[in-house]
Amino acid sequence: MANKGLQLLGFALSLLGLIGLIVGTILPQWKMSAYVGDNIITAIAMYQGLWMSCAFQSTGQMQCKVYDSILQLDGALQATRALMIVAILLTVVGLGVASMGMKCTNCGGDDKAKKSRIAMTGGIILVVAAICSMVACGWFTNQIVRDFYNPFTPVNTKYEFGAAIFIAWAGTFLDIMGGGMLAASCPKGGKSSPKYPKSSRPPSSSKEYV
């Protein structure tokens, strides 16, 4: 069975991954305006996130506007939203299940094999959550790259990667690493103790003298 230190490390990494997923989902800097072309205006920087778009001025002021209608958003943004929310919820569930199966907790009874199965289940849920966020981040990243290199995209509407998408990627990798460590709690089969052939007759306690 996995040792206690590996489970604690996996739980800590998954917890940090959850924080990264939440922060990355909330922040509006998923993509930022790219300064390409001959006429570059740097007085205002445009940011777009999953929930709002923001304009950051050189004076330090930022104005944000929440998206008015979900139906007006493109498919990639809607899918990214849904997958990130599912990833966060699954991570919370996975952490809750894994905490009941860890060796350092009293939940789940005293059966070590049962607790290991519970911790393994939590790790699998965390890995599934990481896959959801990985698909979301990969989809959004691919959309940014396609629009950037599309020759029909106007220069002033080209975007590049923002800080929030890197935070979300970091949370994804922490989540999948922590889930993998917890999934390593899979109980092995019954311990096979070495069996020695029993003697057909008990050892003699008396000696024969001729």
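Just so you know, these numbers come straight off a predicted model, no measurement behind them.
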Looking only at non-hydrogen atoms, find the nearest pair between [X] and [Y] and report the distance.
X    : Y    : answer
L83  : A136 : CB-CB, 3.6 Å
G179 : V127 : C-CG2, 3.7 Å
S99  : F11  : CB-CE1, 4.0 Å
W139 : A76  : NE1-CB, 3.7 Å
G24  : W30  : O-NE1, 2.6 Å
I165 : C137 : CD1-O, 4.2 Å

| task | Applying side-chain contact (heavy atoms from CB on, under 4.5 Å), run through K31 and F140 and close with a yes or a no. | result | CA-CA 9 Å; K31 60 181 181 179; F140 202 89; 4.3 Å; yes

Rounded distance [0.5 Å steps], [atom1] in [X] versus [atom2] in [Y]:
X    : Y    : atom1 : atom2 : value
F148 : F161 : CZ    : CZ    : 9.5 Å
M52  : C54  : CE    : SG    : 6.0 Å
E160 : I144 : CD    : CD1   : 9.0 Å
M177 : L182 : CE    : CG    : 12.0 Å
L13  : I176 : CG    : CD1   : 12.5 Å
Q48  : C64  : CD    : SG    : 11.5 Å

| query | In terms of hydrophobic clustering (I, L, V, M, F, W, Y; side-chain heavy atoms under 4.5 Å; direct or indirect links), are I26 and L77 co-clustered? | reply | yes

| query | If two hydrophobic side chains count as joined below 4.5 Å and joins carry through other members, does L89 share a cluster with L95? | reply |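 Yes, it is one cluster - the side chains of L89 and L95 are joined through contacts under 4.5 Å.
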
| task | State, with a plain yes or no, whether a side-chain heavy atom of M120 is found less than 4.5 Å away from one of I124. | result | yes

| query | Does the separation of the ring centres of Y67 and W51 fall below 6.0 angstrom? | reply |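 No, they do not, as the ring centres are separated by 6.0 Å or more.
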
| said: Consider side chain to side chain contact (heavy atoms under 4.5 Å, CB included). Of L90, L174, I85, D175, which one does L21 pass it with? | reply: D175

| Residues forming a side chain to side chain donor-acceptor pair (under 3.5 Å) with S133, sequence neighbours excluded | T172

| request: List the steps and the verdict of side-chain contact (heavy atoms from CB on, under 4.5 Å) for M46 and F56. | output: CA-CA 6 Å; M46 301 297 298; F56 186 79; over 6 Å; no

